[in-house]
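All remarks here apply to the structure that follows.
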Amino acid sequence: MTSERYNARETEPRWQRQWDDKAIFATKNDDVRPKYYVLEMFPYPSGRIHMGHVRNYTMGDVVARFQRAQGKNVLHPMGWDAFGLPAENAAIERKVAPKAWTYDNIASMKKQLQTMGLSLDWSREFATCDPSYYKHQQKMFLDFMKAGLAEREQRKINWDPVDMTVLANEQVIDGRGWRSGAVVEQREMNQWVFKITKYSQELLDALDNLDRWPDKVRLMQRNWIGRSEGMLVRFALDAATAPNGESELKVFTTRPDTLFGAKFMAIAADHPLALAAAVKNPELAAFIAETKRQGTAQEIIDTAEKQGFDTGIRAIHPFDPTWTIPVYVANFVLMEYGTGAIFGCPAHDQRDLDFVNKYGLGNTPVVCPEGQDPATFIITDTAYDGDGRMINSRFLDGMTIEQAKAEVAKRLEGEIRGNAPVGERKVNFRLRDWGISRQRYWGCPIPVIHCEVCGVVPVPDKALPVVLPEDVTFDRPGNALDHHPTWKHVACPQCGGKAQRETDTMDTFVDSSWYFARFTDPWNENAPTTPDVANRMMPVDQYIGGVEHAILHLLYSRFFTRAMKATGHIGLDEPFAGMFTQGMVVHETYRKADGTFASPAEISIVPDGDGRRATMLDDGSVVEIGAIEKMSKSKRNTVDPDDIIGTYGADTARWFMLSDSPPDRDVIWSEEGVKGASRFVQRLWRQVNESAEHGKSAPASRPTEFGPGALAIRKAAHGALHKVSTEIEKLHFNVCLAHIREFSNALGEALARPGTPSPDMAWALNEAAVILVQLFAPMMPHLAEECWTVLGQSGMISEASWPQIEPNLLVEDTITLPVQVNGKKRGEVVVARDAQNPEIEAAVLALDTVKQALDGKPVRKIIIVPQRIVNVVG
RNA sequence: GCGGACGUGGCGGAACUGGUAGACGCAAGGGACUUAAAAUCCCUCGAUGGCAACGUCGUGCGGGUUCGAUUCCCGCCGUCCGCACCA
């Protein structure tokens with residue numbers, strides 16, 4: 001028996017070296033066993049790992065180690081999402097080159113990650129800023145161009161005036177840049193876009209099959225893609241009122257059934273018709289300018305009134321040439337959605353109703369709720385958007401909404417004006433193409449050349465990669481690539497004439513849209529992937545990361561995989577078969593008297609009455625314990641993984657990360673909690689050593705008979721094995737840990753029994769310890785290796801197979817059934833597992849507590865749920 | 001505004017498919033060991049009544065379905081998240 005405390009500081013580096021020396025986590029692509037690809041979202045090399053990383057990578061490592069023990073060929077790689085703005089900011093602030101800054105950060109973060117004891121295959125490591133990586137990204141860009149999946153277009157873009165770059169729609173949060181927080185401006189620019197909209201329907205439909213994704217994420221993507229079914233309707237314009245050359249106005253509507261309730265048309269401020277009308281109308285031009293100036297920032301949408309300006313143009317109702325409708329420019333119509341024009345049916349749309357009430361245009365209800373008399377159905381200030389029958393709608397009267405939609409579609413599709421039908425059914429998507437041009441230096445160069453003669457010319461394959469120059473300066477704002485004196489000046493690959501390189505780089509989300517595929521064969525210098533290897537190792541079976549990427553990264557990756565398939569780089573559509581979004585790591589905040597925050601390391605907390613009291617370590621002043629919030633530098637409530645691992649060891653940190661909260665919810669990091677985990681580490685160490693001591697006196701072969709005590713501990717061991725195995729598959733780590741602790745408690749009780757254990761007991765204790773160690777090995781691998789040695793097991797536990805369950809130990813000969821009378825628990829009966837109902841009923845009715853509860857009333861019914869419960873109804 | 005999730009002890013949370021609510025941990029209280037501390041071990045720990053056996057209430061609130069509801073249905077209240085002038 002040992003009384004020595006387990007010393008994580010000594011054992012952890014030792015085992016890490018051993019794993020490394022034997023390269024046991026290096027994955028072979030030609031392994032014949034079934035593959036299992038587990039991946040955590042790769043980190044941005046900011047310089048230090050934080051607790052969020054610790055949580056993310058611990059979860060992934062548990063899965064990896066568990067699947068490895070299941071006999072799978074596990075792929076568990078790591079790399080670096082290394083392009084991005086912070087490297088340029090560092091260059092500006094600290095005068096270090098982005099490249100040097102990035103690779104230094106990678107080196108120190110890698111060192112930190114290695115202290116966590118993660119079972120990673122480091123031989124596949126790469127950074128997205130390696131030319132050997134982005135070379136292939138450039139190749140795929142060119143392939144996408146050829147396939148019509150990458151195009152250059154003039155489009156309205158989101159311009160971040162602080163970061164001085166374009167942002168994708170997904171990167172604009174509440175009208176502000178997701179990184180800088182600056183109010184985003186609208187500009188017209190030439191942009192490279194990926195044609196993600198070509199896959200709108202497919203990306204939507206395929207969500208149904210992603211059954212191992214969180215519903216929440218699938219729903220968010222569904223909403224983001226935003227499919228709506230409706231009609232495109234071409235309204236003719238009254239020639240006398242229309243500006244020169246304009247003859248019609250096209251609108252998208254999801255409610256063609258309400259056409260007879262139309263009271264006005266509204267077009268966006270930047271709609272061509274509005275601009276045409278403004279030419280001869282200064283007041284209108286002023287209104288348009290004002291509306292554009294307001295933009296669509298959040299505050300304006302919330303506060304601004306619905307405003308319109310009558311252009312004087314009159315549209316003609318598609319079903320009645322004598323019926324004209326005024327056309328307004330309105331501040332609530334977006335050029336980006338649909339056709340940038342609507343028809344307003346105020347009776348059945350609240351926004352349209354507000355608009356007509358303001359401008360006195362009136363309303364006519366055309367859908368009447370069932371059971372309401374149409375004569376008395378009047379709309380004043382609340383629009384009706386429910387079901388009903390058509391009224392005031394000529395040939396539609398009496399129809400349901402669906403029938404009316406179908407009838408309108410039939411008639412408008414059949415009516416030809418010019419050489420096209422007046423209306424057509426149309427599915428509209430909210431999703432827009434992915435603008436990838438960024439006016440930044442530290443990103444993947446877009447491999448095209450602009451020639452005055454030939455136009456846009458792709459860089460020839462053999463000239464790839466287009467490498468970023470390193471001699472750049474950041475002494476003025478904007479794109480350092482563009483400022484470079486020579487880099488962009490090249491000869492046109494086609495005509496040899498004077499030409500310029502594209503100086504925009506790709507959105508860094510492009511880098512992370514295919515790294516998972518590159519991990520399958522990062523050694524291939526000639527192509528992004530080796531398709532048959534990628535097809536064998538993909539998809540990622542379990543992807544783990546933060547919910548903040550639910551739309552951006554995950555949607556882009558789903559698109560990119562399809563685009564790679566279309567260009568022959570991979571043979572599947574969906575990159576991630578299983579997706580898990582983990583919660584954040586949160587911590588209490590501490591506020592000093594002067595209002596500034598104190599860090600957890602600066603304070604001491606002691607119990608104080610019902611609560612706790614915090615004081616500063618240096619001067620003893622009282623600190624207010626504040627709200628629990630996401631760890632952040634500004635709130636100073638971060639905890640440094642290095643400190644935790646240095647003090648308690650990686651195993652303790654890993655265990656606590658998994659213990660308290662369900663993995664998809666936030667976990668509160670607390671000093672007490674870590675201490676609890678640390679206590680458990682020591683407790684396991686003692687138990688295993690004690691069990692190993694008994695194991696020495698145990699018979700060499702499995703006894704044929706076990707006494708009740710030995711049987712009980714064996715049942716506890718195999719029961720825990722069963723529960724942990726099923727819960728770990730479901731990623732219910734907190735539940736797994738509870739079962740492991742429960743089992744450890746049972747083992748502790750068995751070990752505490754006085755006297756020398758019998759041979760069968762000694763054998764059972766040793767078996768229990770072996771199973772216990774294997775159960776916690778995925779979470780605490782270093783401790784497990786050390787215990788494995790103590791138990792005299794051969795090889796490393798990291799390479800050992802998951803223990804076999806003995807199923808007969810999971811079933812009891814007798815079971816204890818709770819007994820209810822009228823739904824209230826009144827007692828228990830112990831019966832044989834295969835006891836028949838009459839037998840159980842007799843036992844139940846014999847209970848005194850049941851007789852009392854029945855109080856002489858006759859038994860009406862006895863419900864027996866096999867193996868579960870008995871309920872007596874009196 | 002639209003969509004979604006959630007609401008269980010002092011706290012984090014557990015509970016299979018409708019079947020013993022509160023597993024496991026944290027905190028707290030009491031005790032043992034110790035000169036003392038640390039470490040460790042034992043006991044208590046939803047509320048309420050009772051010396052106790054035990055009873056009553058209890059999973060946000062109000063209803064419903066059911067032999068039985070934390071779980072299913074309806075209506076509220078609250079919290080969190082996503083989207084948002086989407087035609």
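Only this structure's heavy atoms are used, side chains among them; waters, hydrogens and symmetry mates stay out. Proteins come first, then strands; the chains are lettered A, B, ... in the order of their sequence lines, and each starts at number 1.
With respect to A:Glu229 and A:Arg227, a salt bridge is recorded, a charged nitrogen being found less than 4.0 Å from a carboxylate O.
At the phosphate of B:rG25, neither OP1 nor OP2 sits under 4.0 Å from any side-chain N or O atom of A:Arg679. The shortest distance between the side-chain N/O atoms of A:Arg683 and the OP1/OP2 oxygens of B:rC41 is below 4.0 Å. Contact between the side-chain N/O atoms of A:Arg665 and the OP1/OP2 oxygens of B:rG13 is found at a separation under 4.0 Å. Residue A:Asn822 places none of its side-chain N or O atoms closer than 4.0 Å to OP1 or OP2 of B:rG68. Considering only side-chain N and O atoms, A:Arg351 lies under 4.0 angstrom from the phosphate OP1 or OP2 of B:rC86.
When distances run from any side-chain atom of A:Glu742 to the nucleotides B:rA27, B:rA87, B:rA23, the shortest one goes to B:rA23. Side-chain proximity of A:Ile863 to the nucleotides B:rC85, B:rA87, B:rG19 is greatest for B:rG19. If you check B:rA84, B:rC85, B:rC57 against the side chain of A:Lys824, the one that comes closest is B:rC57.
At a cut-off of 3.5 angstrom, the base of B:rG1 holds no donor-acceptor pair with the side chain of A:Gln350. Taking only distance into account, the side chain of A:Asn871 meets the base of B:rC67 through a donor-acceptor pair shorter than 3.5 Å.
Side chain to side chain, A:Asn745 and A:Glu749 fail the donor-acceptor criterion of an N or O pair below 3.5 Å. Side chain to side chain, A:Arg55 and A:Gln582 fail the donor-acceptor criterion of an N or O pair below 3.5 Å.
Of the possible donor and acceptor atoms, one in the side chain of A:Trp685 sits under 3.5 Å from a partner among the backbone N and O of A:Glu4.
When Watson-Crick and G-U wobble pairs are counted only if both distances are under 3.5 Å, B:rG1 pairs with B:rC83.
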